[in-house]
Amino acid sequence: MIPPRIDKDAVRQRIGPYADTKATAEERGRIYEALIGFLPPRIEARLNVTGAIDPEIVDLQERMREHAMYPTCFDVKTAQLMLFGMLLMDMSDAAALHGIAARRAGATWEEMQAVISLCFLFRGLPAANRGAEMLANIAKREVHADAEGR
């Protein structure tokens, strides 16, 4: 469901250190931790690799992401449910991250399934199967988080 973490030391040794002067990598990662509960590995890779090579584009990417992901006309739950459905239509594994974010923002299992069902109408059984698998994995993450007291 979620790819493995990157080796930040290898990135620093071969590519270079994070060089964005507008925000630290940790500061950039906090928005993801607040939204999803952790910093996803691919985002961690982009922040560290691109942040070492072209920190200006990281700043532009993050400002655009923040502007687009938090429109004033939608609450966070609604935006995350829509992103979950859009990404599920593409069969993107990133849909799971937005599913996690939707749950953290208050989405019910019924709302999550409704998004999957809408996706099924236009994408078919593969999306229904993939969506159900994602919900099962999100439920598993929640059970483990509850057991760990998070």
Side-chain angles (χ1 to χ4, degrees), residues 1-8 11 18 20 22-150:
M1 179 166 119
I2 296 171
R5 301 219 75 78
I6 65 163
D7 183 340
K8 290 192 289 187
V11 170
Y18 179 85
D20 187 351
K22 295 179 181 154
T24 66
E26 292 76 22
E27 290 168 335
R28 296 260 187 228
R30 282 191 199 116
I31 186 69
Y32 297 96
E33 291 169 5
L35 183 66
I36 304 169
F38 60 95
L39 178 60
R42 288 185 183 141
I43 295 167
E44 181 181 46
R46 178 174 55 83
L47 294 177
N48 283 275
V49 171
T50 308
I53 299 168
D54 188 355
E56 183 63 27
I57 195 71
V58 169
D59 183 59
L60 292 168
Q61 291 166 344
E62 288 300 298
R63 289 186 326 184
M64 287 177 63
R65 180 206 50 79
E66 183 177 5
H67 178 78
M69 196 174 294
Y70 299 100
T72 58
C73 58
F74 296 126
D75 61 17
V76 173
K77 179 180 89 169
T78 302
Q80 291 304 315
L81 282 168
M82 290 191 319
L83 290 167
F84 173 63
M86 289 175 201
L87 290 164
L88 184 57
M89 282 292 291
D90 285 341
M91 301 299 277
S92 170
D93 59 355
L97 297 173
H98 292 280
I100 292 168
R103 287 284 296 158
R104 288 176 55 89
T108 66
W109 294 115
E110 181 181 13
E111 290 169 324
M112 301 288 289
Q113 180 58 55
V115 170
I116 294 167
S117 296
L118 287 167
C119 189
F120 160 75
L121 287 175
F122 298 95
R123 188 64 168 86
L125 278 173
N129 293 339
R130 184 81 178 264
E133 176 188 41
M134 286 182 184
L135 292 192
N137 286 326
I138 292 169
K140 181 180 176 181
R141 287 183 68 82
E142 289 181 7
V143 166
H144 289 149
D146 287 349
E148 294 172 2
R150 288 187 275 152

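The first residue in the sequence is number 1, and the count goes up from there. Just so it is clear, the values below take in all heavy atoms, side chains as well, and ignore hydrogens, waters and symmetry mates.
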Check the surroundings of atom CD in Glu66: do more than 12 heavy atoms from other residues, nucleotides or ligands lie under 6.0 Å from it?
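Not more than 12 within 6.0 Å, no.
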Pairs flagged by salt bridge (charged side-chain N to carboxylate O under 4.0 Å, His left out) wherever residues 100-116 is involved - sequence neighbours left out
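Checked against salt bridge (charged side-chain N to carboxylate O under 4.0 Å, His left out) - neighbours excluded - the pairs reaching residues 100-116 are Lys77-Glu111, Arg103-Glu142.
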Please report the interatomic distance [atom1]([X]) to [atom2]([Y]), rounded to the nearest 0.5 Å.
| X | Y | atom1 | atom2 | answer |
| --- | --- | --- | --- | --- |
| Glu56 | Gln61 | CD | CD | 10.5 Å |
| Thr50 | Leu60 | OG1 | CG | 12.0 Å |
| Asp59 | Asp54 | CG | CG | 10.5 Å |
| Ile53 | Tyr18 | CD1 | OH | 13.5 Å |
| Cys119 | Gln113 | SG | CD | 11.0 Å |
| Arg42 | Leu97 | CZ | CG | 8.5 Å |

Considering non-hydrogen atoms only, spot the tightest contact between [X] and [Y] and give its length.
| X | Y | value |
| --- | --- | --- |
| Met89 | Arg123 | O-NE, 2.7 Å |
| Glu33 | Leu39 | CG-N, 3.8 Å |
| Pro41 | Ile2 | CD-CG2, 3.6 Å |
| Ile116 | Ala127 | CG2-O, 4.1 Å |
| Val76 | Ala105 | CG1-CB, 3.9 Å |
| Tyr32 | Pro40 | CB-CD, 4.0 Å |

Salt bridge Glu27-Lys22, side-chain N to carboxylate O under 4.0 Å
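Result for this pair is no, no salt bridge flagged.
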Identify whether the distance between the nearest side-chain nitrogen and carboxylate oxygen of Glu62 and Arg65 falls below 4.0 Å.
yes
Carefully, step by step, assess His98 and Leu88 under the rule side-chain contact (heavy atoms from CB on, under 4.5 Å).
CA-CA 10 Å; His98 292 280; Leu88 184 57; over 6 Å; no
Min side-chain heavy-atom separation [X]-[Y] under 4.5 Å:
| X | Y | value |
| --- | --- | --- |
| Asn137 | Arg141 | no |
| Phe74 | Leu81 | no |
| Ile6 | Asn48 | yes |
| Arg130 | Met134 | yes |

Verdict with supporting geometry, Ile43 and Phe38, side-chain contact (heavy atoms from CB on, under 4.5 Å)
CA-CA 10 Å; Ile43 295 167; Phe38 60 95; over 6 Å; no
Would Asn129 and Glu133 count as a side-chain contact (heavy atoms from CB on, under 4.5 Å) here? Give the steps.
CA-CA 6 Å; Asn129 293 339; Glu133 176 188 41; over 6 Å; no
Working for side-chain contact (heavy atoms from CB on, under 4.5 Å), residues Lys140 and His144
CA-CA 6 Å; Lys140 181 180 176 181; His144 289 149; 3.5 Å; yes
